[in-house]
Asker: 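Just passing along the structure, written as structure tokens.
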Amino acid sequence: MSDRVPRVGALPSGPRDAITDVSGVTVGHCTLAEGAIQTGVTVIRPHAGDLYHDRVPAAAAVLNGFGKSIGLMQLEELGVIETPIALTNTFGVPAVAAAQIRAALAVNPGIGRELPTVNPLVFECNDGHLNDMARMVVAEAHYRQAHDAADVAVPEGAVGAGRGMSSFGVKGGIGTASRRVEVGGRMVTVGTLVLANFGRPAQLRICGRALGPVLAERLEEPGTVAKPEKGSIILIAGTDAPLDARQLRRLALRAGAGLARTGSVFGHGSGDIALAFSTAYTLPQDPGTPMPAVAMLHDGHLDPLFEAVADGIEQAILNALWRAETVTGRNGHRRRALAEILPDWQTLAPGAMP
């Protein structure tokens, strides 16, 4: 498979072009790939410590709420993350949430007794085309495996939670990217990661080129009747810029700009959810511990971060598409790798924006 991934925008990337370019962030996968089982778990750790005690500020933006996530209500209310961020398939959400609770209890046995409860944070997409989701094979052990595998190197494509995902009628999955910008006199990093499982073939745009009609024709799906959107995407952004939860929600919302550039219209049946977090400081669970005195970034300096997250999300989606291998799963269903179908994308649609 070609790794000649289209490059989005002019902003520089971090050294890995991954969400792990944000210092302290790590990502791990557990991939299940055997016959009709094509699924997995992906875990994003904002820092290596105990997130229950040292929470990070965060916020979410629900672009379209056709989803079954856990933890969004308390996240919206309190503006903090207190477990790692987990991604999996729709029916795997309860098992992964239980694993997060057990992991927090193992470190803090007073949770739910003399300590406050813990808010698990799990996002999902439906991988039922390739994966026999009704068998509900995702278990607590798979979360633990992904958590313990977390590292700064991030495999992309048909791995972890992305194993069974589809986008634009081809193979989707996990993609990640980063962009660096100067803000308030210093360089900051915005890292992105997506679980891409959205889009109809005719909608696809690559770096401004409307390539969907060509893709639909090559997939032998050039018909005029558009099928309903039944996919989803989870959009994650991390940054080392000092932002509060209100500002992070504004950053999360701009992830939608990068998503839209690829051709998405946030369809009726698509669950499109964005989350942004900052690693610039932590917020203590213990009410006896002083809150940090942090000078937040001025709102007037947010535009470069908005540009970075839009470019980073678009890049992460393209990385997911380009780096995913062809996968055959449930009932012989097959999703081909985009790089095999559109290796000549640069020579197509010459009238489109370069």
Asker: Is it true that T176 and R16 share a donor-acceptor pair across their side chains at a distance under 3.5 Å?
Answerer: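 Side chains of R16 and T176: no pair found under 3.5 Å.
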Asker: Can you list the residues that meet the ring pair (Phe, Tyr, Trp, His ring centres under 6.0 Å) rule with H129, with sequence neighbours excluded?
Answerer: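 So H129 forms a ring pair (Phe, Tyr, Trp, His ring centres under 6.0 Å) with H333.
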Asker: For residues 174-198, which residue pairs qualify under salt bridge (charged side-chain N to carboxylate O under 4.0 Å, His left out), counting only residues two or more places apart or in two chains?
Answerer: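 Residue pairs passing salt bridge (charged side-chain N to carboxylate O under 4.0 Å, His left out), neighbours aside: D17-R179.
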Asker: Identify every side-chain donor-acceptor pair in residues 26-36 under 3.5 Å, counting partners at least two apart or on other chains, and give the distances.
Answerer:
from, atom 1, to, atom 2, distance (Å)
H29, ND1, T42, OG1, 2.8
H29, NE2, P155, O, 3.0
T31, OG1, G160, N, 2.7

Asker: So which heavy atom on P284 is nearest to which on P290, and how close?
Answerer: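 Where P284 meets P290 most closely, the heavy atoms are CG-O, 3.8 Å.
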Asker: Extract all donor-acceptor atom pairs below 3.5 Å that involve side chains of residues 294-313 and protein atoms in other chains or at least two apart in sequence.
Answerer:
from, atom 1, to, atom 2, distance (Å)
H298, ND1, G300, N, 2.8
D299, OD1, R246, NH2, 3.1
D299, OD1, Q247, NE2, 2.7
D299, OD2, R246, NH1, 3.0
D299, OD2, R246, NH2, 3.2
D311, OD1, R261, NH1, 2.7

Asker: Which pairs with one or both residues in residues 181-211 pass ring-ring contact (aromatic ring centres under 6.0 Å, His included), sequence neighbours excluded?
Answerer: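 Qualifying pairs: F168-F198.
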Asker: Please determine, by modelled atom types, if D240 and S23 share a side-chain donor-acceptor pair under 3.5 angstrom.
Answerer: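 No, no side-chain donor-acceptor contact under 3.5 Å.
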Asker: Are more than 12 heavy atoms, taken from residues, nucleotides or ligands other than Q74, located less than 6.0 Å from that residue's CD atom?
Answerer: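 More than 12 within 6.0 Å, yes.
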Asker: What pair of heavy atoms forms the shortest contact from R336 to R218, and how long is it?
Answerer: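 Smallest interatomic distance, heavy atoms only, reads NH1-O, 4.3 Å.
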Asker: Would you kindly say whether T39 and N89 are connected by a side-chain donor-acceptor distance under 3.5 Å?
Answerer: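 Per modelled atom types, T39 and N89 side chains form a pair under 3.5 Å.
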Asker: According to ring pair (Phe, Tyr, Trp, His ring centres under 6.0 Å), who are the partners of F91, at least two apart in sequence or on a separate chain?
Answerer: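 Residues passing ring pair (Phe, Tyr, Trp, His ring centres under 6.0 Å) with F91: none at all.
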Asker: With a 3.5 Å distance limit and no angle check, can you tell me whether D127 reaches the backbone of G162 through a side-chain donor-acceptor pair?
Answerer: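 Checking the backbone N and O of G162 against the side chain of D127, no donor-acceptor pair under 3.5 Å is found.
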Asker: Is there a donor-acceptor contact under 3.5 Å from the side chain of R45 to the main chain of A48?
Answerer: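 Answer holds: yes.
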Asker: Checking side-chain polar atoms at under 3.5 Å, does H53 have a donor or acceptor matched by the opposite partner on N108?
Answerer: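 Yes, side-chain donor-acceptor contact under 3.5 Å.
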Asker: Any sub-3.5 Å donor-acceptor pair from E76's side-chain atoms to A61's backbone N or O?
Answerer: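 Pair absent, no side-chain N/O of E76 close to backbone of A61.
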